[in-house]
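For reference, the structure discussed in these notes is given below.
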Amino acid sequence: MPHSASSIDVTRLASWQALAAHREQLDDFSLRQVFAADPQRFATFSLNDCGLFLDYSKNLIDTRTRELLVGLAEEAGLQPAIRDLFDGALVNGSEQRPALHTALRRPIGDRVLVDGVDVMPEVQRVLKRMSELVGRVHNGLWRGYTEKPITDVVNIGIGGSFLGPQLVSEALLPFAQRGVRCHYLANIDGSSFHELAAKLHAETTLFIVSSKTFNTLETLKNAQAARSWYLAQGGSETELHRHFMAVSSNREAAMAFGIREENILPMWDWVGGRYSLWSAIGLPIALSIGISNFKELLAGAYRMDQHFQSAPFERNMPVLLALLGIWYGNFWGAQSHAILPYDHYLRNITKHLQQLDMESNGKRVRQDGSPVTTASGPVIWGGVGCNGQHAYHQLLHQGTALIPADFIVPVSSYNPVADHHQWLFANCLSQSQALMLGKSRAEAEAELRAQGVDDDQVQRLAPHKVIPGNRPSNTLVLERVSPGRLGALIALYEHKVFAQSAIWGTNAFDQWGVELGKQLGQGVYARLVGSAKDAAEDGSTQGLVEFFRGRHRG
Ligand code: F6P
């Protein structure tokens, strides 16, 4: 049994108890004061690796906190858990599978055994097939049914078969090979299909049906809609292979759908959906940015893999982020965590990290089935700066909850417009500064007096102007969003999430919670369309079914 499947209750560890006691001592901890007292604080709590600079000095920690958190990681067995992950142990206990997304970014010559078989030659074979395919499309050799080259690629997939590829292909738009546009169709909502189809021409469009299982409702429905649309636009069944391909571990189902065997790229059950952008699920990325840039992406993630495995915990970026998350979630009562990218190209990173973190760490039992006795994964939310500043940052500054935030910002812009980038960067820094410094009652009053406000008004207004401050954040700075740095950034969060699950003893690689809704969906659908006559299990659902049917009758 892998170490991470052990049944340690982390809250019983001596290091956990020590952290709880230490937390009480930090009740009066003031970030303003510790910065004033220690000119070295920024240097002490920052690190630079894999093309990413992490400033974690604006956290409610001192060196003792870091020492205790590192002690927790050690006592909880994080080091052997990391070894298990990379060695292909069955870290996904409930499904009895390894989680080997890291194998996908390993260099040629490495060996990774699954059931005694080295999977690396197969990984390299698939990468080679992707490379050939990308070459054919980019060089105009892959032609549609009217012999025109492909101009548009539509990825039909959802969850991990959508969010990662979409994040990366859009983040790396400056690296895109102009001439091939990538689109994403995920939701079952007919409107998304309709709006997308209106922009496409069937004769120059290639659909990639991207589904590990090939039995995901939304994806199959969209794939059927795409096929009907293609036929209605003038395409024929015999030419279907020029316009439809699949990435899936379920070859039979893809072939039953009508996709030719040579148009199916494989996936493996040892790669989880939300960790799959590094596999052939990343084909739309490679089609957008070219295979060498795709390999750079893999290389960047590999650098982070190396760092995660070898850096001592107190200088290990994913481990530090994981421990800070545990510090706030388990010792300060934080229930959510904001991801705030200050970069247009990274605008989708919050959505990807939402699935990565919440599907992985939204768990209530440990690997052995016993309950988690402390809070597990937080709600991940956020969005692109500065837009958030004019929307939800108010709650970050003055709401009653403590919400740690990660600011992510590049130093340089691909598209400098006047001094916009300086302003963007300044906004990012000033938001984390405002969260930390806040505004005291005395400062609020002084500010009002300086504006000539009379004493009564000062007393009335000051409480509204006070900002508590002392709110923690990390700032991740990268030079520019490049394939390598983006690979490292995504892998950083993958490992953060895994490190937390290993410490809590949970399984980061299953997602049983999403199944119930899918099961119930079958019954609700049958009642909506009238193929099931019995009433729904509860009055609310039945009432809503009747409301829907009532509107569709007339
Ligand atoms: O329902 C959740 C989920 O299984 C995710 O974990 C996964 O990324 C998504 O659905 C899509 O699954 P598939 O690639 O098999 O269509």
Side-chain angles (χ1 to χ4, degrees), residues 91-101 104 126 130 154-169 184-189 192-193 207-227 244-257 259 263-285 348-363 377 380 490 493-494 497-498 501 506-522 524-525:
V91 290
N92 178 349
S94 70
E95 296 178 302
Q96 288 291 288
R97 290 175 188 165
L100 275 171
H101 41 287
L104 302 167
V126 174
M130 285 171 71
V154 178
N155 187 81
I156 303 180
I158 199 162
S161 302
F162 156 52
L163 294 163
Q166 186 202 37
L167 158 65
V168 178
S169 64
Y184 291 88
L185 185 58
N187 194 347
I188 201 167
D189 189 332
S192 54
F193 180 79
F207 291 97
I208 307 172
V209 187
S210 196
S211 176
K212 180 178 167 183
T213 57
F214 219 88
N215 68 14
T216 301
L217 174 77
E218 295 86 343
T219 301
L220 295 187
K221 286 286 171 192
N222 277 328
Q224 281 155 8
R227 183 165 62 185
F244 282 84
M245 51 173 310
V247 181
S248 184
S249 61
N250 189 349
R251 199 166 45 99
E252 293 70 28
M255 286 170 69
F257 177 85
I259 293 176
N263 278 4
I264 303 172
L265 288 171
M267 259 281 280
W268 306 277
D269 66 5
W270 43 264
V271 181
R274 51 196 174 273
Y275 300 86
S276 65
L277 70 92
W278 322 100
S279 71
I281 293 284
L283 182 60
I285 302 173
N348 290 316
I349 197 166
T350 311
K351 286 192 284 173
H352 175 65
L353 298 186
Q354 226 166 26
Q355 188 204 14
L356 176 67
D357 202 320
M358 294 170 78
E359 215 173 56
S360 299
N361 280 342
K363 305 291 162 62
I380 301 292
I490 298 171
Y493 279 99
E494 289 180 351
V497 164
F498 171 72
S501 74
T506 54
N507 180 351
F509 302 108
D510 60 8
Q511 59 283 321
W512 297 106
V514 300
E515 295 305 320
L516 177 60
K518 294 183 192 172
Q519 284 162 14
L520 291 175
Q522 300 292 330
V524 173
Y525 173 83

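Counting starts at 1 for both ligands and their atoms, following the listed order.
Less than 4.0 angstrom separates atom 12 (O) of ligand 1 from at least one non-hydrogen atom of the protein.
The closest donor-acceptor contact from the side chain of Ser248 to the backbone of Ser211 lies under 3.5 Å.
In terms of polar-atom proximity, Ser210 is not counted as a contact of ligand 1, lacking any N or O under 3.5 Å from an N or O of the ligand.
The ligand atoms of ligand 1 that sit less than 4.0 angstrom from a heavy atom of Ile158 are 9 (C), 11 (C). If you number the atoms of ligand 1 from 1 as listed, the ones under 4.0 Å from a heavy atom of Thr213 come out as 13 (P), 15 (O), 16 (O). Applying the 4.0 Å criterion to heavy atoms of Thr216 picks out, from ligand 1, the atoms 12 (O), 13 (P), 15 (O), 16 (O). The Gly159 neighbourhood of ligand 1 comprises atoms 8 (O), with distances under 4.0 Å to a heavy atom of that residue. Under a 4.0 Å criterion applied to the non-hydrogen atoms of Gly160, ligand 1 contributes the atoms 7 (C), 8 (O). Atoms of ligand 1 found under 4.0 Å from any heavy atom of Val514 (numbered from 1 in listed order, with element): 1 (O), 2 (C).
The closest side-chain heavy-atom distance from Ser192 to Leu185 is below 4.5 Å. At a threshold of 4.5 Å between non-hydrogen side-chain atoms, the residues Asn187 and Phe193 do not count as touching. Under the 4.5 Å side-chain criterion, counting only non-hydrogen atoms from C-beta, Tyr525 is not in contact with Leu217.
Relative orientation of the Phe244 and Phe207 rings is parallel, given thresholds of 30° and 60° on the angle between their planes.
Contacts between Lys212 and ligand 1, counted as non-hydrogen atom pairs separated by less than 4.0 Å, involve both the backbone and the side chain.
Nearest protein heavy-atom neighbour of atom 3 (C) of ligand 1: Glu359 OE2, 4.2 Å. The single protein non-hydrogen atom nearest to atom 14 (O) of ligand 1 is Ser161 OG, 2.7 Å, given as residue, atom name and distance.
When Asp510, Asn507, Asp269 are each tested for a side-chain hydrogen bond (donor to acceptor under 3.5 Å, both in side chains) with Asn92, only one passes: Asn507.
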Evaluate side chain to side chain donor-acceptor pair (under 3.5 Å) for Thr213 paired with Asn215, printing each intermediate quantity in order. CA-CA 5 Å; Thr213 57; Asn215 68 14; 3.1 Å; yes
Could you walk me through whether Phe509 and Ser501 pass the side-chain contact (heavy atoms from CB on, under 4.5 Å) test, one step at a time? CA-CA 9 Å; Phe509 302 108; Ser501 74; 5.6 Å; no
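The nearest pair of heavy atoms linking Glu494 to Trp278 is OE2-NE1, 2.8 Å.
Residue contacts with ligand 1 include Lys518, since one or more of its heavy atoms lies under 4.0 Å from the ligand. Using a 4.0 Å cutoff on heavy atoms, Glu515 does not count as a contact of ligand 1.
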